[in-house]
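Each residue takes its place number in the sequence, starting with 1.
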Amino acid sequence: MRKTDDAHITHAFARGDLSPSRARRLTVDFLHGLTRHGRPVPPCAVDAARLVTSELVTNALKHAPGPLLLELRLERGLAAITVWDSQPALPVVGDTDPTRVGQHGLEAVTSVARHFEVQRESVGKRVTARIALDGEPTPERAPAHDGRATGVRR
């Protein structure tokens with residue numbers, strides 16, 4: 001793990017070295033570290049960040065063949081959770097469909113994120129969700145459905 005400062009850490013995982021639970025623990029520890037250093041994080045923000053981390057890491061494990069990179073940053077009152085993986089295909093946030101079994105992970109992410117985006121990289125992609133740390137409800141904006149989504153679910 002590389003810790004730039006208390007507001008930025010990056011952790012690379014080999015394929016067999018990661019589980020969503022380990023990534024969730026790193027995220028919770030990061031947010032609790034912010035609290036210890038004078039940046040209070042409400043429990044609802046910790047829960048949202050835990051959910052986002054779990055979904056993004058699970059998707060990367062399911063769809064990408066290689067290693068993963070988890071990056072956690074404090075950005076202007078938001079927790080930025082970024083997962084890089086080696087799969088070049090961009091995820092698409094589907095329309096809400098209560099009859100669909102499974103494939104609701106990105107719907108859950110966009111429902112709690114203040115901002116969501118996917119960037120294609122020279123190798124793979126980078127998926128970032130930003131969670132508000134102020135305890136305020138997420139504004140109601142709908143995401144784009146083209147894999148380069150921004151905003152949150154209605």
Side chain of [X], backbone of [Y]: donor and acceptor closer than 3.5 Å?
{"X": "Gln87", "Y": "His63", "result": "yes"}
{"X": "Ser86", "Y": "Gly66", "result": "yes"}
{"X": "Thr53", "Y": "Arg50", "result": "no"}

May I ask you to check whether Glu71 and His11 show a side-chain donor-acceptor distance below 3.5 Å? no
Can you tell which of Glu117, Gln119, Arg126 makes a side chain to side chain contact (heavy atoms under 4.5 Å, CB included) with Thr82? Arg126
According to a 4.5 Å side-chain heavy-atom criterion applied to Ile, Leu, Val, Met, Phe, Trp and Tyr, with indirect links allowed, do [X] and [Y] form part of one hydrophobic cluster?
{"X": "Val52", "Y": "Leu74", "value": "yes"}
{"X": "Val28", "Y": "Leu72", "value": "yes"}
{"X": "Leu78", "Y": "Ile81", "value": "no"}
{"X": "Trp84", "Y": "Leu70", "value": "no"}
{"X": "Val109", "Y": "Leu90", "value": "yes"}

Tell me whether the centres of the aromatic rings in Phe30 and His32 are closer together than 6.0 Å. no
Which heavy-atom pair separates [X] from [Y] by the least distance, and what is that distance?
{"X": "Leu68", "Y": "Ala60", "answer": "CD2-CB, 3.4 Å"}
{"X": "Arg120", "Y": "Pro88", "answer": "NH1-O, 2.9 Å"}
{"X": "Pro42", "Y": "Leu133", "answer": "CD-O, 3.1 Å"}
{"X": "Ala49", "Y": "Leu31", "answer": "CB-CD1, 3.5 Å"}
{"X": "Thr128", "Y": "Ala80", "answer": "CG2-CB, 4.4 Å"}
{"X": "His8", "Y": "Arg73", "answer": "CD2-CG, 3.2 Å"}

Going from CG on Leu56 to OG1 on Thr27, what distance comes out if it is rounded to the nearest 0.5 angstrom? 9.5 Å
For Asp47 and Val112, run side-chain contact (heavy atoms from CB on, under 4.5 Å): C-alpha distance rounded to whole Å, both residues' side-chain angles, the deciding distance at 0.1 Å, then the answer. CA-CA 10 Å; Asp47 291 343; Val112 299; over 6 Å; no
Less than 4.5 Å apart, side chain to side chain, heavy atoms only: is that true for Val118 and Pro91? yes
By side chain to side chain contact (heavy atoms under 4.5 Å, CB included), Ser54 pairs with (sequence neighbours left out) Pro20, Arg24, Thr58
Let's go through Phe13 and Val83 carefully: what are the C-alpha distance in whole Å and the side-chain angles of both, what is the deciding distance for side-chain contact (heavy atoms from CB on, under 4.5 Å) to 0.1 Å, and is it a yes or a no? CA-CA 11 Å; Phe13 295 95; Val83 174; over 6 Å; no
